2 protein chains.
Amino acid sequence: MQARTHVTLEDVARAAEVSLATASRALNGTAPVRQHLRERVLRAAEELAYTPNAHARALAGATHRTVGVICHDVSDPYFAAVAGGIMRVAGDNGMLVMLASTFREPEREIAYVSMLRAERAAAILLIGSGFEDPDWERALDAELDPYLAGGGRVAVVSRHRSLKVDSVLPENRAGAAAMARSLLDLGHRRFAVLTGSQALTTVSDRFGGFRDELKKAGVRLRPADVVEAPFTRDGGYAAMSELLARGLDATCVFAVTDVMAIGALSALREHGLSVPDDVSVAGFDDIPIVRDLTPPLTTVALPLPQLGERAMELALTENPGRRRRIHRMAGEVVIRSSTRKVSP
Amino acid sequence: MQARTHVTLEDVARAAEVSLATASRALNGTAPVRQHLRERVLRAAEELAYTPNAHARALAGATHRTVGVICHDVSDPYFAAVAGGIMRVAGDNGMLVMLASTFREPEREIAYVSMLRAERAAAILLIGSGFEDPDWERALDAELDPYLAGGGRVAVVSRHRSLKVDSVLPENRAGAAAMARSLLDLGHRRFAVLTGSQALTTVSDRFGGFRDELKKAGVRLRPADVVEAPFTRDGGYAAMSELLARGLDATCVFAVTDVMAIGALSALREHGLSVPDDVSVAGFDDIPIVRDLTPPLTTVALPLPQLGERAMELALTENPGRRRRIHRMAGEVVIRSSTRKVSP
DNA sequence: GCGCTTACTGAAAGCGCATTCAGAATGACT
DNA sequence: AGTCATTCTGAATGCGCTTTCAGTAAGCGC
């Protein structure tokens with residue numbers, strides 16, 4: 001690096017012919033400063049294009065207006081939507097958001113928490129399910145504990161087992177159960193499920209809620225009816241293809257995320273099957289795009305941006321008792337055209 | 001805020017019974033430290049769950065490993081894809097990304113640059129077209145100049161007029177022209193265009209490239225064939241609806257972004273028109289989802305993640321001569337099923 | 001004009017770290 | 001053993017800012 005000679009508060013003070021302390025007070029309004037002095041300071045700052053050094057500021061005790069957000073992948077519409085909500089309220093509160101994508105590598109998650117800790121971020125938000133390996137979750141706890149002890153705020157979205165930390169929890173189980181009921185009401189009795197790793201609470205809740213509701217109605221899900229695949233469009237495509245390859249014996253396919261459902265739709269189309277005439281498809285999340293698919297996807301709608309907004313608000317809000325606050329958000333079944341009454 | 005009593009390097013040094021300086025050197029490996037001392041320091045740091053204070057570090061002269069990214073809206077698939085690329089290379093280089101969404105408000109953009117400047121971010125990346133009002137662009141320059149002077153790095157993606165700063169430029173004009181040629185080759189002669197504000201270079205390049213290429217072929221675009229709307233799905237929907245309301249007299253609709261094309265597709269569908277049988281539709285960008293639409297969208301494919309990657313690389317790369325480096329990236333026409341030969 | 005309160009102002013003390021500089025310890029040679 | 005180069009180590013300084021703390025000047029009543 002080169003000189004990097006920045007304008008400092010001292011330069012401003014000198015130009016305005018006041019002391020450092022007065023300049024600081026004039027700029028921040030932390031204490032009364034006589035009119036003409038204040039003006040001189042403000043003018044000097046303006047002329048010198050002074051920008052306070054956030055590091056010096058944070059070091060000197062002013063609280064740092066930065067929050068960290070960790071998700072799996074911003075380019076996934078689900079995270080993008082949640083992140084959008086977070087950034088909106090962060091922006092409204094004058095906060096800067098540091099966003100990190102782990103690309104589903106636990107090492108990165110830990111590393112990012114550590115960096116965020118080093119940044120003394122005012123809050124850390126973890127979005128989306130954790131990792132399957134309990135060792136990683138423990139390592140995460142170990143990283144988070146001292147942060148919390150040091151006064152840091154942590155909030156998680158859709159991440160169950162996480163320590164005693166503020167949480168925004170979509171009601172995955174109830175939503176999936178409601179979807180199962182809707183599908184049963186349409187007359188479906190033979191189902192297939194496209195799922196992600198069961199080790200993730202989001203998945204096990206959605207899957208469990210769906211399966212249990214079916215069971216209540218006397219409908220069984222055979223192991224062969226359930227395919228596990230990565231949480232991506234291609235994962236959904238692959239899972240659906242596998243199902244198709246072994247001869248699909250279901251009138252309805254439920255994917256635990258919309259993104260997977262999109263892949264499924266594509267596989268079905270390629271296979272010459274019509275949705276919903278030959279088979280119904282339902283998803284979960286209601287990411288914005290699914291409204292515009294053909295056919296528009298039946299899904300469990302989650303208020304994605306609000307998930308992020310609530311989490312950010314929780315993290316920004318004082319929590320005197322240090323109790324774990326949980327904010328549950330219901331999902332709502334939205335029947336669109338990818339599902340239909342089963343033909344008798 | 002409360003106590004926030006953090007473990008400091010001094011604590012570690014004391015626990016390891018060495019001096020501050022030695023502890024620092026052992027932890028950073030900036031100078032040789034005798035084996036047994038180093039081990040003691042490392043162990044102490046481990047036990048105390050020490051995390052260096054990034055602010056103190058940055059203040060003391062170590063370069064700060066943080067980059068700022070400003071876009072219009074992360075939840076837009078275009079920005080999400082570019083941001084994904086940025087975050088990938090940032091992560092690989094141990095950098096933390098601060099992402100800000102302006103929601104298309106110029107005040108926010110300026111405010112964010114200022115905050116990023118205060119954070120002494122190693123680089124600032126501006127993604128997407130600037131604002132229409134030249135005053136804002138000037139204000140932005142004024143904010144950026146001292147940053148550059150102070151050794152900061154700035155890179156922009158798809159933002160023409162911006163000062164002498166490293167740029168990654170998709171070839172909007174050429175891409176649109178190529179698309180026009182493809183469409184002409186399919187026999188189309190009557191076109192409609194869905195556009196954003198012409199004041200944005202991205203838009204005027206795409207629109208201009210398209211229009212000029214048509215003109216070369218002797219095909220005129222009447223003002224009534226061009227509708228301007230916001231850069232969103234709903235903008236595209238509204239623009240298409242307007243066109244439809246006045247009686248669409250075109251065999252092919254070109255939208256300057258895929259996101260707008262998605263809205264257009266929806267409006268067309270609602271209006272009972274079939275794509276591509278009644279009308280062809282083409283977009284620009286090739287955001288991931290358009291492959292899965294029905295029909296899959298014909299579009300100009302831009303390597304979105306690479307746009308971000310290149311920009312980040314430019315910003316991370318030393319630029320001794322301080323010359324403006326421009327990295328152009330070509331778009332490629334991808335014909336899918338939303339366009340067809342015009343029926344005679 | 002004196003004492004007292006109130007309103008500002010400035011000098012100085014850190015915040016936590018990297019780093020310089022001087023000094024101590026070690027080793028290699030004569 | 002004595003000299004000198006080499007390798008480590010620690011005390012001290014400063015990064016830019018906020019914030020005490022100890023004033024100084026102004027305002028007021030008498």
Side-chain angles (χ1 to χ4, degrees), chain A residues 1-41 44-45 48-66 115 117-121 146 150-151, chain B residues 1-41 44-45 48-65 115 117-120 146 150-151:
Chain A
M1 278 278 136
Q2 56 271 66
R4 260 208 119 137
T5 167
H6 283 283
V7 177
T8 72
L9 185 59
E10 193 181 350
D11 298 330
V12 175
R14 196 176 314 126
E17 299 183 296
V18 297
S19 74
L20 224 73
T22 303
S24 170
R25 291 193 271 247
L27 254 15
N28 297 313
T30 45
V33 170
R34 221 179 293 273
Q35 176 75 9
H36 67 285
L37 286 191
R38 194 206 341 277
E39 275 170 8
R40 251 157 55 194
V41 172
L48 296 174
Y50 168 69
T51 310
N53 182 324
H55 298 302
R57 220 170 204 204
L59 233 206
T63 55
H64 194 207
R65 305 197 65 84
T66 265
M115 294 178 77
R117 210 139 85 71
E119 294 288 337
R120 299 296 185 264
Chain B
M1 279 273 137
Q2 56 272 69
R4 264 208 114 142
T5 167
H6 282 283
V7 177
T8 72
L9 185 59
E10 193 183 349
D11 298 330
V12 175
R14 197 176 312 127
E17 299 182 297
V18 297
S19 76
L20 223 76
T22 304
S24 172
R25 291 194 269 247
L27 255 14
N28 297 314
T30 45
V33 170
R34 220 178 293 273
Q35 176 75 9
H36 66 286
L37 286 190
R38 193 204 345 275
E39 276 171 8
R40 252 158 52 194
V41 172
L48 297 173
Y50 168 69
T51 309
N53 182 323
H55 299 302
R57 229 172 197 202
L59 196 53
T63 55
H64 193 207
R65 303 197 67 82
M115 293 177 77
R117 210 141 84 73
E119 294 289 336
R120 298 296 185 266

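Lettering follows sequence order; numbering is per chain, from 1. In this text the structure is predicted, and so the values were computed from the model without any measurement.
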Validation row: A:Arg40, A:Val18 side chains within 4.5 angstrom (heavy atoms): yes
Nucleotide nearest A:Ala60 when distance is taken to its side chain, options C:dG10, D:dT18, D:dT9: D:dT18
Given C:dA11, C:dC8, D:dG16, the nucleotide with the shortest approach to the side chain of A:Pro32: C:dC8
Nearest-angstrom distance from the residue atom CG of A:Leu27 to P of D:dG16: 16 Å
Residue A:Val18, side-chain atoms from C-beta onward, closest of D:dT19, C:dG10, C:dG16: C:dG10
Sugar-phosphate, base or nothing in reach of B:Ser24, heavy atoms under 4.0 Å: base
Euclidean distance, atom CG of residue A:Leu37 to atom P of D:dA25 [Å, nearest integer]: 14 Å
Interatomic distance where CZ belongs to A:Arg38 and P belongs to C:dA7 [whole Å]: 15 Å
B:Asn28 side chain, from C-beta outward: closest of C:dA18, D:dG16, C:dT9: C:dA18
Nearest-0.5 Å distance that lies between atom NE2 in B:His6 and atom CZ in A:Arg120: 4.5 Å
Between D:dA26 (P) and A:His36 (NE2): distance, integer Å: 10 Å
Listed nucleotide nearest any side-chain atom of B:Ser19, set C:dG10, C:dC17, D:dG10: D:dG10
Spacing between B:Asn53 atom CG and C:dC17 atom C1', to the nearest angstrom: 8 Å
Nucleotide of D:dC17, D:dG16, C:dT19 approaching A:Leu9 most closely (side-chain heavy atoms): D:dC17
Interatomic distance, A:Arg65 CZ vs D:dT18 P [rounded to whole Å]: 14 Å
Whole-Å distance separating the CG atom of A:Asp11 from the P atom of D:dG16: 9 Å
Passing option when B:Tyr50 is tested against B:Leu9, B:Val41, B:Asp11 for side chain to side chain contact (heavy atoms under 4.5 Å, CB included): B:Leu9
Nearest-neighbour nucleotide for the A:Arg25 side chain, C:dT19, D:dT20, D:dC15 considered: D:dT20
Which nucleotide in C:dT9, C:dC17, D:dT18 has an atom nearest any side-chain atom of B:Leu20: C:dC17
N or O in side chain of B:Arg57 less than 4.0 angstrom from C:dA18 OP1/OP2: yes
5' priority, DNA chain C, between A:Ala56 and B:Thr22 [closest heavy atom]: A:Ala56
Aromatic ring pairing B:His55/A:His64, orientation class (parallel under 30°, perpendicular over 60°, tilted between): perpendicular
Counterpart residues, side chain to side chain contact (heavy atoms under 4.5 Å, CB included), relative to B:Glu10 (two or more places apart): B:Thr8, B:Arg14, B:Leu20
A:Arg120 (side chain) and C:dG16 (base): donor-acceptor pair under 3.5 Å: no
Whole-Å distance separating the CD atom of B:Glu119 from the P atom of D:dG16: 16 Å
